[in-house]
Every structure is written in C-alpha cells, then in structure tokens.
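Reading through the structure tokens given below for one structure.
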Amino acid sequence: MKEKNLGVLASGRGSNLQSIMDSCAAGQIPARVAVVISDNSDAYALERARQAGISAIAVNMSDFPDKARYEQYIIKILQEHEVHLVCLAGYMRLVGSTLLDAFAGRIMNIHPALLPAFPGLHGQEQAWRYGVKYSGCTVHFVDGGMDTGPIILQAVVPVYDHDTSDTLAERILEQEHRIYPEAIRLYCEDKLIIDGRKVRIQT
Ligand code: GRF
C-alpha cells in the first residue's frame with residue numbers, strides 16, 4: 001500500500017502528534033508525517049516535529065488580514081507537502097470553510113470526551129464537573145461545527161469518585177494515544193467510508 005502523507009495541525013504540547021509520529025515510525029500506519037503546522041510559534045509540538053526531522057512551520061494568524069487568507073497559506077503548505085490527510089491534534093481553532101473545502105472529508109480531529117457530549121474546550125473537565133460515570137475520547141471527521149463531524153472511533157474510560165479533572169484527563173489521554181493512530185491507520189488503508197453522519201469501517 002502506498003504511504004500517505006499526513007499534515008498535523010497542533011497548537012500545544014503535541015502528545016497526540018507524538019503518538020502519530022511514533023506509530024508511523026513503527027510501521028503501524030502506512031503513512032508519514034510530512035509537515036507539522038502550528039498557529040503558536042511556542043508550541044512544543046513544533047519542537048517534537050523538529051526532533052523527529054519533520055518540517056515544522058509556525059503560521060501566525062495575526063500576520064494575515066483574515067481567516068480565509070490565513071487558511072489559504074496553510075493550504076499552500078499542505079499542498080507543497082502533498083498532504084492527503086490533515087490531522088488536528090490539539091489545534092485550538094475552529095476550521096474555516098476555506099480549509100474545509102480544500103480538504104473535504106480529509107480532516108480528522110481528536111476530542112477528549114464522548115461526543116456529542118461535552119464539545120468545545122476542556123471536554124474532560126466538563127464531563128468531570130457534570131458527574132458522569134464514564135467519559136472518553138472521540139476521533140471524528142471535521143465539519144463546519146464545533147466537534148460535530150461524523151464519528152470514526154470512540155474509547156470509553158470510567159470516572160472514579162477519587163478522580164480529579166486532571167486524573168480523568170490522564171486516563172482519557174492514554175486512550176487518545178491509542179485510537180487516534182488507529183483511526184489514521186484505517187483511513188490510510190482506505191477502510192473508512194463516510195455515509196452521511198455514519199462512518200463505516202470496512203473489515
Ligand atoms: C487533547 O486532549 C486533545 O483531545 C484535544 O487537545 C488536547 C491536545 O493534547 N483536542 P496534545 O497537544 O496532543 O498533547
């Protein structure tokens with residue numbers, strides 16, 4: 001199977017990026033991370049990419065007159081790196097129509113809650129405050145909404161009485177690092193079929 005090129009967009013520490021790079025390097029995904037782009041020049045994700053010898057590019061939105069122009073620039077970078085699939089990994093912005101249209105059905109995100117519950121920021125803390133007994137994480141295709149796109153994979157974790165929001169977040173993160181590379185693998189092996197809101201996994 002021909003290796004696919006991944007473009008990762010990350011705003012922060014990049015632990016999901018790391019799990020994706022590691023899975024590619026270990027041959028678990030028929031893909032390579034071709035480029036990492038961050039809207040935050042201080043993001044540790046950029047450093048992780050550099051350490052792995054992967055092209056790491058900071059793009060500051062305030063350098064552009066509007067979001068469309070910012071996203072056009074990102075698209076140019078993604079195209080230059082012949083990216084097939086865009087993976088959002090802690091990318092702290094809503095994807096606009098410019099980027100969505102250019103990569104329709106080819107943008108994934110990981111969210112730290114069981115969607116459609118607790119979308120938006122701090123999904124782990126929202127779930128913990130609400131008092132749910134189970135939470136988890138969701139990998140989904142990205143559409144124009146906030147964490148609303150078709151769901152690819154989910155993992156469930158228990159919430160214990162002694163949990164804090166942080167201990168719950170750690171338990172969820174372990175699962176993020178498992179299911180995000182898995183979802184990317186399925187995509188790269190052409191096993192995901194988007195059928196309306198449903199994503200069917202071919203076996
Ligand atoms: C993760 O919890 C992810 O689910 C959310 O943002 C966080 C990013 O963490 N979208 P990291 O930068 O991958 O460590």
Side-chain angles (χ1 to χ4, degrees), residues 6-26 28-29 31 33 35-52 54 56-59 61 74 85-96 99-100 103 107-130 132 134-159 163-185 187:
L6 309 178
V8 178
L9 265 57
S11 303
R13 68 189 163 174
S15 73
N16 277 287
L17 162 68
Q18 190 71 54
S19 75
I20 296 166
M21 292 190 303
D22 291 349
S23 301
C24 290
Q28 287 153 358
I29 307 177
V33 179
V35 62
V36 174
I37 301 172
S38 183
D39 58 335
N40 167 17
S41 52
D42 295 331
Y44 188 57
L46 290 172
E47 181 55 30
R48 289 182 194 265
R50 284 185 206 109
Q51 279 173 15
I54 291 167
I57 302 173
V59 183
M61 184 150 150
I74 288 181
L85 176 70
V86 178
C87 302
L88 309 185
Y91 179 64
M92 302 305 283
R93 290 179 192 279
L94 211 52
V95 174
L99 183 51
L100 272 177
F103 283 85
I107 309 179
M108 275 185 196
N109 182 41
I110 177 102
H111 182 73
L114 291 175
L115 293 172
F118 312 118
L121 286 179
H122 310 303
Q124 311 96 324
E125 190 181 346
Q126 289 185 56
W128 177 75
R129 285 194 185 283
Y130 195 91
V132 296
Y134 292 90
S135 190
C137 49
T138 305
V139 183
H140 62 93
F141 282 111
V142 173
D143 65 11
M146 171 74 86
D147 302 320
T148 51
I151 291 172
I152 303 166
L153 290 177
Q154 293 186 301
V156 178
V157 306
V159 183
D163 267 328
T164 62
S165 162
D166 286 346
T167 59
L168 175 60
E170 275 171 39
R171 192 172 306 120
I172 292 172
L173 193 63
E174 262 178 49
Q175 297 303 315
E176 294 184 36
H177 295 164
R178 187 176 65 78
I179 69 169
Y180 207 180
E182 174 65 7
I184 295 168
R185 179 183 72 79
Y187 178 90

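Numbering of ligands and ligand atoms starts at 1, following listing order.
- Gly14 N, 2.8 Å is the protein heavy atom nearest to atom 12 (O) of ligand 1.
- For atom 7 (C) of ligand 1, the nearest non-hydrogen atom from the set Gly90, Gly12, Ala10 belongs to Gly90.
- Each of the following atoms of ligand 1 lies closer than 4.0 Å to a heavy atom of Gln124: 2 (O).
- Ranking protein heavy atoms by distance to atom 10 (N) of ligand 1, first place goes to Ile110 O, 3.0 Å.
- Around atom 4 (O) of ligand 1, the closest heavy atom drawn from Glu176, Arg48, His177, His111 belongs to Glu176.
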Tyr180 and Met108: side chain to side chain contact (heavy atoms under 4.5 Å, CB included), yes or no, with the steps?
-> CA-CA 9 Å; Tyr180 207 180; Met108 275 185 196; 3.8 Å; yes

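- Comment: Arg178 does not engage Glu182 in a salt bridge, judged by the lack of any side-chain N to carboxylate O separation of less than 4.0 angstrom.
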Trace of the side chain to side chain contact (heavy atoms under 4.5 Å, CB included) decision for Val157 with Leu168 | CA-CA 8 Å; Val157 306; Leu168 175 60; 4.0 Å; yes

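- Of the candidates Val86, Asn109, Val142, Val95 forms a side-chain contact (heavy atoms from CB on, under 4.5 Å) with just one, namely Val142.
- In this structure, Ile184 and Cys87 have side chains that are in contact, with non-hydrogen atoms separated by less than 4.5 Å.
- Judged by distance alone, with hydrogens and angles left aside, the side-chain atoms of Asn40 form a donor-acceptor pair with the main-chain N or O of Ser11 at under 3.5 Å.
- Within ligand 1, counting atoms from 1 as listed, the ones closer than 4.0 Å to a heavy atom of Pro112 are 2 (O), 4 (O), 5 (C).
- In summary, the atoms of ligand 1 found under 4.0 Å from a heavy atom of Arg13, numbered by their order in the structure, are 9 (O), 11 (P), 12 (O), 14 (O).
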